[in-house]
There are 2 protein chains.
Amino acid sequence: MSQSEQATTIREIAALAGVSGGTVSRVMNEKPGVGPETRARIKALIAEHDFHGDATARQLSRGRSDSLGIVFPLQVSEVVMHPVYPELLGAISDAAQDAGYDVILFTTNASRGVEHVLDSVKRKRVDGLILPAASSDDPLIAQVESTGTPTVLIGHRQRARRITWVDCTHDEALYAMTTSLLLAGRRALTLFNGPKRISAYDLRAQGFWRAIREFGDPAVRANEKVFDMGFVGGVEATETLLREVPATDAIVCSADITAAGVLDALARSGFAVPGDIAVTGFDDIDFASHSTPTLSTVRMPLHETGATAVSLLLEMLGGGLTTPEPRILETTLVERESTGSVTP
Amino acid sequence: MSQSEQATTIREIAALAGVSGGTVSRVMNEKPGVGPETRARIKALIAEHDFHGDATARQLSRGRSDSLGIVFPLQVSEVVMHPVYPELLGAISDAAQDAGYDVILFTTNASRGVEHVLDSVKRKRVDGLILPAASSDDPLIAQVESTGTPTVLIGHRQRARRITWVDCTHDEALYAMTTSLLLAGRRALTLFNGPKRISAYDLRAQGFWRAIREFGDPAVRANEKVFDMGFVGGVEATETLLREVPATDAIVCSADITAAGVLDALARSGFAVPGDIAVTGFDDIDFASHSTPTLSTVRMPLHETGATAVSLLLEMLGGGLTTPEPRILETTLVERESTGSVTP
DNA sequence: CCGATTTACTAAACCGGTTGCGTAATCATG
DNA sequence: CATGATTACGCAACCGGTTTAGTAAATCGG
């Protein structure tokens with residue numbers, strides 16, 4: 001029981017137990033071929049010396065690192081401050097560690113590009129890779145693919161390539177949200193959207209326009225403004241919109257933070273929400289449930305997304321998944337005061 | 001130039017170059033003892049075959065993992081959603097990778113405790129550890145210390161133990177903020193603070209009370225309410241406070257998110273900010289510069305904190321730092337409309 | 001009771017870089 | 001030209017688990 005000074009190698013434990021290193025290895029990995037009393041004796045010694053083995057040596061001999069890499073871009077305006085990343089990262093980290101994998105975090109910035117990630121892949125520091133929110137033109141995707149490393153993309157439907165990805169129903173969400181607004185009598189809708197090269201924004205626009213189309217009322221007026229989703233962008237776009245389309249009675253935003261700017265601008269201009277104009281967001285950040293009025297929005301299945309990505313990657317690593325298997329998870333509509341669905 | 005199929009081992013490159021493995025190793029590490037023309041020939045072969053070496057083998061022979069661990073708690077109410085973590089993590093990741101280290105992310109949750117971290121340390125998966133925001137009673141600190149692994153704490157001044165830490169001037173910030181309010185004529189101040197076991201909240205309270213004390217005006221009334229910092233907590237505490245201390249003319253919050261709740265509650269109750277009551281926050285989250293009125297707050301040197309922690313850890317790893325060397329970095333006061341320092 | 005199988009375990013060769021030691025060749029010096 | 005110092009490398013032993021081939025003993029069947 002006394003935690004003696006810890007032994008350093010498997011052979012030291014072996015010597016103490018009067019066996020060879022291979023036997024200790026078998027005991028540590030719960031493999032057969034060791035007698036019960038020998039096994040017990042070795043286990044006692046392992047516990048006594050607080051022996052844990054050397055991860056690096058194990059990795060070398062087994063030919064795998066038992067860790068997976070996750071690549072996050074820093075200081076990319078579209079992506080960085082996005083509030084979904086911490087939760088996504090947490091989910092991935094959780095799932096990976098529960099499966100016995102370590103998570104190596106790669107970040108890129110202006111001075112340090114993706115070369116470092118590729119280098120680590122080639123040096124076999126990671127067995128697989130998870131890439132959140134790569135835009136369609138991200139060169140990293142092609143480069144990673146060429147290395148043959150098992151990879152799962154998150155938030156981008158890379159149909160052209162043979163890569164597995166996980167995404168959620170951005171399109172369905174905005175279809176449902178827009179339809180809900182139309183059914184509530186709104187007839188002059190504007191979509192505030194981010195650049196289409198980000199797959200999520202593209203899909204959201206598709207859902208918006210499909211709802212308009214399928215509703216089929218010629219009295220409906222809809223248009224779309226594309227700019228960088230952010231608070232200030234929301235403010236400016238709203239001021240412009242109120243001038244250009246005074247009849248506007250609904251503003252659909254592709255991001256809560258932009259909707260926050262919209263609410264702010266509307267309040268300053270004396271418009272009532274949802275009385276005069278309905279406003280919707282996307283992401284369900286903290287602000288959405290705290291604003292005045294509270295914001296109707298869309299919640300993404302972030303935890304499930306992370307867990308699914310890890311799960312798919314582990315399947316690929318285990319060889320059980322050879323063809324790309326994309327997954328699309330369900331978003332949740334959260335209707336609050338800003339669309340009049342809930343009264344204050 | 002043609003990127004042939006990539007060679008797998010250093011000895012294969014050696015065979016192609018007609019030299020021994022050791023020579024290739026020396027070339028890859030830019031070590032002396034290799035003639036210029038041999039070096040050039042080997043470099044050409046390395047480039048041609050896109051050879052990068054095996055990180056694990058290198059780690060094993062060098063006895064170090066060239067990676068450092070960072071431990072983040074998940075689902076700990078006080079800590080989790082705190083908006084400073086992403087930026088801190090980004091800074092740490094950036095600094096570590098720039099120094100050639102990989103970052104292994106450890107997260108703990110209800111079912112998976114710190115054992116996994118300790119195990120990884122003992123198995124030498126990481127050379128050092130960075131622990132953000134461990135509270136004073138965190139058992140991980142003592143356990144990590146007993147393993148002798150180089151460790152840097154962030155956000156907690158662990159004076160009792162021989163551990164290096166990095167923190168910022170929470171106390172000075174609130175001293176300055178409170179003094180500023182007093183000089184502006186506020187006389188009935190309340191501090192909304194989090195639990196003292198979190199070092200940051202303890203220090204902020206100290207700064208607040210020192211400012212009151214040193215101002216020395218017996219007409220000043222000050223008190224402190226402790227609860228979990230959050231939006232809802234801010235709303236509730238404000239409603240209670242307005243009932244109990246109607247004369248209140250300043251609410252100092254230890255977190256922006258709580259200040260958001262305060263602003264919300266004050267607006268509903270018809271109080272003008274800063275006209276009737278001044279409000280201040282802490283953290284400078286996005287909300288602070290977008291709220292109505294904009295929020296006076298304190299900005300922590302997050303990037304510098306992360307970079308400093310990595311820098312200290314690397315010094316320890318290099319053996320250049322044997323005694324604990326704490327660092328306290330400067331916070332920045334950001335005065336905006338909610339204290340009347342800036343007019344809308 | 002003997003040959004055949006199973007079990008328990010050892011020895012040693014891996015995994016793929018790194019590095020100290022040894023040696024032959026080159027160079028400097030007197 | 002002899003001697004000592006340097007340089008350029010090869011060789012092989014590491015680092016510490018893992019794993020396969022092989023051996024001795026134990027078990028089993030008939």
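Chain letters run A, B, ... following the sequence lines, proteins first and then strands; every chain starts at 1. Treat the numbers as computed from the prediction; the structure is a model and nothing was measured.
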Where do N or O atoms of nucleotides 4-6 of chain C meet protein N or O atoms at under 3.5 Å, pair by pair?
none

Margin query: Taking the nucleotide of DNA chain D with the nearest heavy atom to each, does B:Lys124 or B:Pro36 sit closer to the 5' end?
Written below: B:Pro36

Notebook entry, point to check: Can you check whether A:Thr23 has a side-chain N or O nearer than 4.0 Å to OP1 or OP2 of C:dT10?
Noted result: yes

Checklist line | A:Arg64 and A:Leu317, any side-chain heavy atoms less than 4.5 Å apart | finding: no

Item checked: B:Asn29 vs C:dG17: side-chain N/O to OP1/OP2 distance below 4.0 Å -> no

Item checked: Whichever of B:Gly33 and B:Ser61 has its nearest DNA chain D nucleotide further upstream toward 5' -> B:Gly33

Margin query: Should the side chain of A:Arg26 and the base of C:dT10 be counted as holding a donor-acceptor pair, with the cut-off at 3.5 Å?
Written below: yes

Next item on the list: Find the distance B:Arg62:CZ to D:dA13:C1' and express it as a whole number of Å.
Entry: 18 Å

Check: Is A:Asp66 close to B:Arg125 at the side-chain level, that is, under 4.5 Å between some pair of heavy atoms?
Finding: yes

Notebook entry, point to check: Rounded to whole angstroms, how far apart are NE2 on B:His52 and P on C:dG17?
Noted result: 12 Å

Next item on the list: Report the nucleotide, chosen from D:dG16, C:dG17, C:dT18, that has the shortest atom-to-atom distance to any side-chain atom of A:Thr9.
Entry: D:dG16

Notebook entry, point to check: Please give, in whole Å, the distance from C:dT7 P to A:Lys31 NZ?
Noted result: 17 Å

Next item on the list: Mind calculating the distance between CZ (A:Arg39) and C1' (C:dA8) to the nearest angstrom?
Entry: 11 Å

Notebook entry, point to check: Which part of the nucleic acid does B:Thr38 contact within heavy-atom distance under 4.0 Å: base, sugar-phosphate only, or nothing?
Noted result: sugar-phosphate

Note to self: Measuring only between side-chain heavy atoms, which start at C-beta, is A:Ile328 closer than 4.5 Å to A:Arg157?
What the structure shows: yes

Notebook entry, point to check: Is A:Gly53 touching bases, backbone alone, or none of the nucleic acid, heavy atoms closer than 4.0 Å?
Noted result: sugar-phosphate

Checklist line | Length of the line joining A:Glu12:CD and D:dG16:P, which is rounded to integer Å | finding: 9 Å

Note to self: Classify B:Val19 by what it touches in the nucleic acid, base, sugar-phosphate, or nothing, heavy-atom distance under 4.0 Å.
What the structure shows: sugar-phosphate

Check: Just how far, in rounded Å, is P of C:dA12 from CZ of A:Arg11?
Finding: 12 Å

Next item on the list: Could you check which of C:dG17, D:dG16, D:dT19 has an atom nearest any side-chain atom of B:Ile10?
Entry: C:dG17

Checklist line | Interatomic spacing from CD in B:Glu325 to CE in B:Met316 - rounded to 0.5 Å | finding: 10.0 Å

Checklist line | Which atom of B:Leu313 lies closest to which atom of B:Gly128, heavy atoms considered | finding: CD2-C, 4.0 Å

Note to self: On DNA chain C, does the nearest nucleotide to A:Gly22 precede the nearest nucleotide to B:Leu60 from the 5' side, or the other way round? Give the residue.
What the structure shows: A:Gly22

Check: Does B:Arg58 make a side-chain donor-acceptor contact with the base of C:dG16, cut-off 3.5 Å?
Finding: no

Item checked: Any side-chain donor near an acceptor of the partner, A:Thr107 and A:Arg112, under 3.5 Å -> yes

Pairs under 3.5 angstrom only: tabulate donor-acceptor contacts from the side chains of residues 27-37 of chain A to other protein residues two or more places apart or in another chain.
unit_1  : atom_1 : unit_2  : atom_2 : d
A:Asn29 : OD1    : A:Arg58 : NH2    : 2.1
A:Asn29 : ND2    : A:Ser25 : O      : 2.9
A:Glu30 : OE2    : A:Lys43 : NZ     : 3.3

Checklist line | Spacing of CD1 belonging to A:Ile130 relative to CZ belonging to A:Phe106, to within rounding of 0.5 Å | finding: 12.0 Å

